[in-house]
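Inspection log for the structure reproduced underneath, given as structure tokens.
All values reported here derive from a predicted model rather than from experimental measurement.
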Amino acid sequence: MGQRRETPLEARKREHLAVVLEGEVGFDSMTTGLDAVGLRSRALPESSLAEVDLSRTLWGRSLSAPLMVSCMTGGTGEAGPVNEALAIAAQEHGLAVGLGSGRVLLSDDRRTEGFLVRAAAPDVLLAANLGAVQLREHGAADCRRLVERCEADVLVLHLNAVQEAVQGDGDTDFSGLVDRIASVVAELPVPVVVKEVGFGMAPEDVAMLARAGVAGIDVAGAGGTNWARVEGHRDGSAADVASAFLDWGWPTATAVRQARTTLDQLELPEVELIGSGGLRHGVDALKVLCLGASLAAVARGVLDAASQGPAAAVSALGVMVDQLRIGAWACGARGVTDLSPSLLASHALPTSA
């Protein structure tokens with residue numbers, strides 16, 4: 001029997017991983033805005049570093065720190081070792097981890113590369129993932145099947161309008177999507193989180209999703225990986241279109257602050273706010289937590305390490321956890337409830353875009 005041929009979807013996933021690992025995929029001049037966010041460093045923390053406890057419980061799982069490895073890759077052979085390394089590292093440090101889009105798995109239940117990592121991470125908060133626009137073809141039953149197949153605790157639905165449009169043959173019918181998301185929220189037995197892929201969310205987006213009943217929102221701000229640029233690298237015919245979007249979106253610091261304000265105004269404290277988008281280290285994570293996120297998420301910042309294997313991934317995530325704990329301690333914090341705007345330097349708060 002001949003070797004099974006790669007589908008166009010699988011080829012795209014493989015190309016995405018290669019481009020992100022090897023290409024220049026950042027924004028042109030836009031940054032996350034986190035460098036402009038100051039922290040109130042304390043010369044006298046008045047506690048021992050050993051006393052700092054950043055653990056919390058989220059959606060039925062215990063986390064040793066409010067950190068997550070964002071959904072990145074899956075559905076291609078190269079994704080298997082990467083996701084296993086990330087899962088092992090998340091298990092080692094007690095963090096959350098997300099899988100790449102499960103669209104491939106829903107199309108062919110045999111294409112499990114990068115999705116079946118529960119054995120390597122039995123205790124982690126694990127998130128399955130699907131493009132929200134795919135809800136036009138995959139309803140709540142398929143979402144449930146994906147969660148069960150991945151043995152996931154949470155379903156993440158990602159929003160990637162600009163990326164889909166730049167692809168040329170992407171899915172660009174986002175009409176009625178909020179209602180579809182609300183239906184999945186109502187029918188799925190696990191929490192549903194909605195995230196952007198790196199261009200941030202407007203306050204109106206946050207409000208619509210919160211009213212739809214989602215359990216969490218990841219604003220995934222601009223300044224990290226630019227997925228329009230990724231598509232431009234992957235497909236030369238898309239490069240000209242992508243070139244206009246090299247500084248598109250809401251910077252991470254602004255997106256997090258605006259989302260926090262929106263959720264507070266709606267009086268929906270139960271909606272978890274996740275801050276991501278170009279986080280480079282634990283101090284960036286500390287900043288988004290102090291800006292109002294309840295969980296900080298990193299993606300490409302640990303992808304290079306994960307591609308080198310479990311040991312490198314364990315080391316990279318361990319460094320990030322240490323940076324977060326030291327930063328929190330050096331600001332006088334002792335636990336997650338202390339990570340608030342009170343630790344921010346008042347002169348360096350981000351302004352609205």
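- The nearest pair of heavy atoms linking D218 to A297 is OD2-CB, 4.3 Å.
- Two residues are said to be in side-chain contact when any heavy atoms from C-beta on lie closer than 4.5 Å; D28 and F245 fail this criterion.
- Note on E148 versus R145: no salt bridge recorded, every NZ/NE/NH1/NH2 to OD/OE distance being 4.0 Å or above.
- The minimum heavy-atom distance between A89 and L317, with the atom names listed, is CB-CD1, 3.5 Å.
- At least one side-chain heavy atom of H93 sits under 4.5 Å from a side-chain heavy atom of V314.
- In this structure, A96 and L63 approach most closely via the heavy-atom pair N-CD2, 3.8 Å.
- Here the closest heavy-atom approach between residue V97 and residue V124 is recorded as CG1-CG2, 3.9 Å.
- Put simply, the side chain of R280 reaches to within 4.5 Å of the side chain of D35, judged on heavy atoms.
- Counting heavy atoms from C-beta on, the side chains of N226 and M30 never come closer than 4.5 Å.
- Looking at heavy atoms from C-beta onward, V219 lies out of side-chain contact with T252 at the 4.5 angstrom threshold.
- Closest of all the heavy-atom pairs between S70 and K195 is OG-CE, 4.5 Å.
- A side chain to side chain contact (heavy atoms under 4.5 Å, CB included) with I181 is found for one member of V184, D179, V185 and no other, namely V185.
- Distance check, rounded to the nearest 0.5 Å: CZ of R103 to CD of E137 gives 5.0 Å.
- Residues A238 and V166 approach most closely at CB-O, 3.3 Å, considering heavy atoms.
- Counting heavy atoms from C-beta on, the side chains of L343 and L289 never come closer than 4.5 Å.
- Within the 4.5 Å cutoff, no side-chain heavy atoms of L273 are placed close to those of V271.
- Inter-residue side-chain proximity for D205 and W250 is flagged as unmet; no heavy-atom pair is nearer than 4.5 Å.
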